[in-house]
Amino acid sequence: MNLLIIGPQGCGKGTQAKRLSLKYGIPHISTGDIFRENIKQKTELGKLAEDIINQGKLVPDDITFGIIKKRLLEDDCKNGYILDGFPRNIEQADMLEGFLETEFAINISTKDKEAINRIAGRRTCINGHVYHVTLNPPKKMGVCDVCQKPLFQRDDDKPETIRKRLKVYHEKTKPLIEHYTNLGKIIDINGEQPIEKVFKDIVKKLER
Ligand code: AMP
């Protein structure tokens, strides 16, 4: 099962990818998480990506594809994978398709207004566990349920950067919907429903 998820920031890509990963026993690969881990570890890649990410721009395609290619060659991807945040433009999709064939591209549609609302309330801990202040709050305000670390707002989730990221989504990423529709691989999902319902809709369409 070679899957990828497309959708604007805040549509729930990460949440759904984690669930699909558990259900089907395939790894969840998030380029955003890989970059954030590198920033945390202060690697060369992290240093290069940090400014770009904080400006809401895309990391260059060759660098991003290099990371994905290496990750997809790992053993745990043999039976499939779920990509979250890659590809982000047509060029990346072409690079991916020249390497491995995608089975389904899941498009989780969410209007900008809803996406902005969700991102504004998103909080995360240093280990990448994600919450929302009202939609998915931690048990104790400001503290991660899993690792007890403090929760904070990602720099690139601040309002001015969100707007830039959504603009990039509309200009660069959204054309992927048509691209994968033309390939007969798109699965369209309404992202403005409860998490559980979105998940059920995805599974139903995948197993149709
Ligand atoms: P995300 O967590 O997927 O929203 O990613 C956070 C940031 O990482 C994005 O705003 C980009 O700056 C960068 N990034 C993640 N995935 C990609 C990608 N496929 N291509 C280029 N930049 C990316």
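Just so you know, ligand 1 is whichever comes first in the structure, and atom 1 is the first atom listed for that ligand.
- Here the closest non-hydrogen pair linking Ile126 and Phe152 is N-CE2, 3.7 Å.
- We find that Glu114 and Lys111 are not joined by a salt bridge, their nearest charged nitrogen and carboxylate oxygen being 4.0 Å or further apart.
- The part of Lys57 lying near ligand 1 is the backbone, judged by heavy-atom distances below 4.0 Å.
- Among all non-hydrogen protein atoms, the one lying nearest atom 4 (O) of ligand 1 is Arg165 NH2, 2.8 Å.
- In this structure, CG on Asp188 lies 11.0 Å from CD1 on Ile106, to the nearest 0.5 angstrom.
- Using a 4.5 Å cut-off on side-chain heavy atoms (C-beta onward), Glu91 and Asp94 make no contact.
- The protein heavy atom nearest to atom 14 (N) of ligand 1 is Phe35 CE1, 3.6 Å.
- Within ligand 1, the atoms closer than 4.0 Å to a non-hydrogen atom of Gln92 are 18 (C), 19 (N), 20 (N), 21 (C), numbered from 1 in the order shown.
- With ligand atoms numbered from 1 in the order given, ligand 1 contributes 16 (N), 17 (C), 18 (C), 19 (N) to contacts under 4.0 Å with heavy atoms of Gly85.
- Linking ILVMFWY residues whenever their side-chain heavy atoms come closer than 4.5 Å, directly or via other members, leaves Val130 and Val143 in distinct clusters.
- For the pair Gln55 and ligand 1, no heavy-atom separation below 4.0 Å is found.
- Regarding atom 1 (P) of ligand 1, its nearest protein heavy-atom neighbour is Arg88 NH2, 3.5 Å.
- Heavy-atom contacts of Asp156 reach the following atoms of ligand 1: 6 (C) (cutoff under 4.0 Å).
- Contact between Arg154 and ligand 1 is present, with at least one heavy atom of the residue lying under 4.0 Å from the ligand.
- Of all non-hydrogen atoms in Leu176 and Arg88, the two that sit nearest each other are CD1-C, 4.0 Å.
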